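Read through the structure below, which is laid out as structure tokens, and then see the notes.
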Amino acid sequence: MTSSSFDLMDYVLRPATAVDREWLWQTKRTCLRPYVEQTWGVWDEDAQRTNFDDSFEPSEVHIITVGDRDAGYISARNDPFEIRLFNIMIAPEFQNHGLGTAVLRQLQEVAHRLFVPVRLRVLRVNPARRLYERIGFKVIEDTATHYRMEWLPA
Ligand SMILES: CC(C)(COP(=O)(O)OP(=O)(O)OC[C@H]1O[C@@H](n2cnc3c(N)ncnc32)[C@H](O)[C@@H]1OP(=O)(O)O)[C@@H](O)C(=O)NCCC(=O)NCCS
């Protein structure tokens, strides 16, 4: 896959199923491991896998597909008063082409229609914070390891 061989406008969200579980785990592992290691100094494979399995809820996950390939996923919960964004993961070969931004803007459109905020947590070391700020998220809490961020519908 070269940087110009996919068209962003072709991305489609499809609901995840139990069949996607291993791919989702591998994608999360690949994408987040460096930031977990930078934050806590170690990636505890067993603990991370247990946490992933315990929180795996296919109904909250959409796979982002580009052409016939799974390019990433987004997991979020739509509560009555907020949308909680748990994860957005774009596989490395699809990163930095605007795909994450496009999917997050789509989520913001949903939140705007429902007139609810979107809230998320991001590790302090994760450069994704810059993306969130660029599209209007603000830091609402700052801990030793994370920022909590919020986007409010206008
Ligand atoms: C963060 C992420 C979803 C953004 O999607 P994307 O399609 O790569 O992003 P876009 O091309 O729309 O925007 C680029 C921005 O994404 C962020 N980004 C790009 N690559 C990234 C990476 N490997 N890790 C974290 N953030 C990254 C940066 O903020 C970048 O902008 P900047 O370089 O000007 O600061 C995606 O890069 C990713 O999955 N990263 C690894 C997992 C992760 O950190 N997820 C967020 C957890 S809260």
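Owing to the predicted nature of the structure, the values given are computational and were not obtained by experimental measurement. Just so you know, residue 1 is the first one in the sequence shown, and it goes up from there. Ligands are counted one by one from 1 in listed order, and the atoms in each one are counted from 1 as well.
- Salt bridge status for E37 with R33: present, with a side-chain N to carboxylate O gap under 4.0 Å.
- Of all heavy-atom pairs between V116 and P153, the closest is O-CD, 3.5 Å.
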Could you give the N/O to N/O pairs under 3.5 Å linking ligand 1 and the protein, each with its distance?
from     : atom 1 : to   : atom 2 : distance (Å)
ligand 1 : 7 (O)  : L99  : N      : 3.4
ligand 1 : 7 (O)  : G100 : N      : 2.7
ligand 1 : 8 (O)  : N96  : N      : 2.8
ligand 1 : 11 (O) : H97  : N      : 3.2
ligand 1 : 11 (O) : G98  : N      : 2.7
ligand 1 : 12 (O) : T101 : N      : 2.9
ligand 1 : 12 (O) : T101 : OG1    : 2.5
ligand 1 : 20 (N) : N96  : ND2    : 3.2
ligand 1 : 23 (N) : Q95  : OE1    : 2.8
ligand 1 : 24 (N) : Y35  : OH     : 2.6
ligand 1 : 26 (N) : A128 : N      : 3.3
ligand 1 : 29 (O) : P127 : O      : 2.9
ligand 1 : 29 (O) : L131 : N      : 3.3
ligand 1 : 31 (O) : R134 : NH2    : 2.9
ligand 1 : 34 (O) : R134 : NH1    : 3.1
ligand 1 : 35 (O) : R130 : NE     : 2.4
ligand 1 : 35 (O) : R130 : NH2    : 3.1
ligand 1 : 39 (O) : I90  : N      : 2.6
ligand 1 : 39 (O) : I90  : O      : 3.4
ligand 1 : 44 (O) : N126 : OD1    : 3.4
ligand 1 : 44 (O) : N126 : ND2    : 2.7
ligand 1 : 45 (N) : I88  : O      : 2.8

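- Considering all non-hydrogen atoms of both residues, I83 and A76 come closest at CG2-CB, 4.2 Å.
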Would you tabulate the side-chain donor-acceptor contacts of residues 13-20 under 3.5 Å, counting partners in other chains and residues two or more places apart, or write 'none'?
from : atom 1 : to  : atom 2 : distance (Å)
R14  : NH1    : D20 : OD2    : 3.1
R14  : NH2    : D20 : OD1    : 3.1
R14  : NH2    : D70 : OD1    : 3.4
R14  : NH2    : D70 : OD2    : 3.2
T17  : OG1    : V19 : N      : 3.2
D20  : OD2    : T17 : N      : 2.8

In residues 22-32, what donor-acceptor pairs under 3.5 Å come from side-chain atoms, sequence neighbours left out?
from : atom 1 : to  : atom 2 : distance (Å)
E22  : OE1    : R49 : NH1    : 3.1
E22  : OE2    : R49 : NH1    : 3.3
E22  : OE2    : R49 : NH2    : 2.8
T27  : OG1    : W23 : O      : 2.8
R29  : NE     : E45 : OE1    : 3.0
R29  : NE     : E45 : OE2    : 2.9
R29  : NH2    : E45 : OE1    : 3.3
T30  : OG1    : Q26 : O      : 2.8

Just list the side-chain donor-acceptor pairs under 3.5 Å for residues 130-144, sequence neighbours left out, or say none.
from : atom 1 : to   : atom 2 : distance (Å)
E133 : OE2    : R129 : NE     : 3.1
E133 : OE2    : R129 : NH2    : 3.2
E141 : OE1    : R148 : NH1    : 3.3
D142 : OD1    : R124 : NH1    : 2.2
T143 : OG1    : T145 : N      : 3.2
T143 : OG1    : H146 : N      : 2.9
T143 : OG1    : H146 : O      : 3.2

